[in-house]
Amino acid sequence: MILWDAHSHFPKNDGHSIYNAEQNGNGGRYHSVGIHPWKARNSFDQKKLKDSLSDNLCVALGEIGLDKLRGPDLYIQIDCLVKQLEINETFQLPVILHNVRATNELIALKKNFPQQTWVIHDFQKIRTFEALQKEGIEISIGQALLHRKDLQDFVNQLPLDRLLLESDEHPELLQEVYQKVCEVKNLSLLTLRDQIVENFKQIFKRWQTGWNEQN
Ligand SMILES: [Zn+2]
């Protein structure tokens with residue numbers, strides 16, 4: 001069964017995963033583009049980013065974000081993030097966010113971009129969920145679910161229509177992540193898959209268009 005993958009650093013050819021393309025080119029796949037906070041810089045080619053976001057196969061801006069443990073100084077990261085978010089105001093693509101210890105900063109920034117849909121990828125900090133939800137920020141969960149009992153308990157309580165799943169750096173673990181959700185929520189894989197497809201359609205609007213065209 002093909003499983004829908006909200007964020008992957010490895011290209012797959014199933015048409016159901018969002019490949020984080022960075023500078024690698026997208027190879028004709030659904031993908032996201034953006035400057036990762038570890039690579040944040042004072043200036044970048046804004047025209048190139050606009051062109052990339054105009055591509056119909058580009059379904060999201062990302063992975064962008066903030067990381068207090070790694071990468072350049074936070075003010076450089078914030079500046080680079082804000083510039084990308086401002087460019088996205090014309091596109092209104094969903095945003096895939098990397099967040100390490102910067103929930104407060106992201107929540108503050110979100111108020112300036114109320115129309116954009118943001119997704120915190122590899123969500124792990126359960127105690128931040130309520131604050132994120134208040135701002136309408138979505139979450140995507142990956143392999144951390146496999147070994148974190150607290151995250152499993154959290155997923156058990158989470159309404160299914162709030163959930164995205166991803167492989168991130170671990171393409172081989174996507175199936176296990178799905179199976180863990182099924183186990184925790186006592187669902188069949190088919191039921192879960194169908195709901196995740198709906199969630200994809202809600203969030204990644206361009207991808208939906210592409211999906212209809214190609215299937
Ligand atoms: Zn990632």
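Start at 1 and go down the list; that is how both ligands and their atoms are numbered.
H7 lies close to the Zn ion (ligand 1), since one of its N, O or S atoms is found at a distance under 2.8 Å. Metal site remark for the Zn ion (ligand 1): H36 contributes no N, O or S atom at a distance under 2.8 Å. Inclusion of D122 in the first shell of the Zn ion (ligand 1) is not supported: no N, O or S atom falls under 2.8 Å. At least one N, O or S atom of E63, from either the backbone or the side chain, sits less than 2.8 Å from the Zn ion (ligand 1).
Aromatic ring orientation, W38 versus H98: perpendicular (interplanar angle above 60°, classes split at 30° and 60°). Using cut-offs of 30° and 60° on the angle between ring planes, the pair H9 and H7 is perpendicular.
Under the 4.5 Å side-chain criterion, counting only non-hydrogen atoms from C-beta, V82 is in contact with L109. Between H121 and I96 the shortest side-chain heavy-atom distance falls below 4.5 Å.
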Next item on the list: Evaluate ring pair (Phe, Tyr, Trp, His ring centres under 6.0 Å) for Y19 paired with Y30, printing each intermediate quantity in order.
Entry: CA-CA 6 Å; Y19 172 53; Y30 292 115; over 10 Å; no

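Residue-level check: among N/O/S atoms of D168, OD1 sits closest to the Zn ion (ligand 1).
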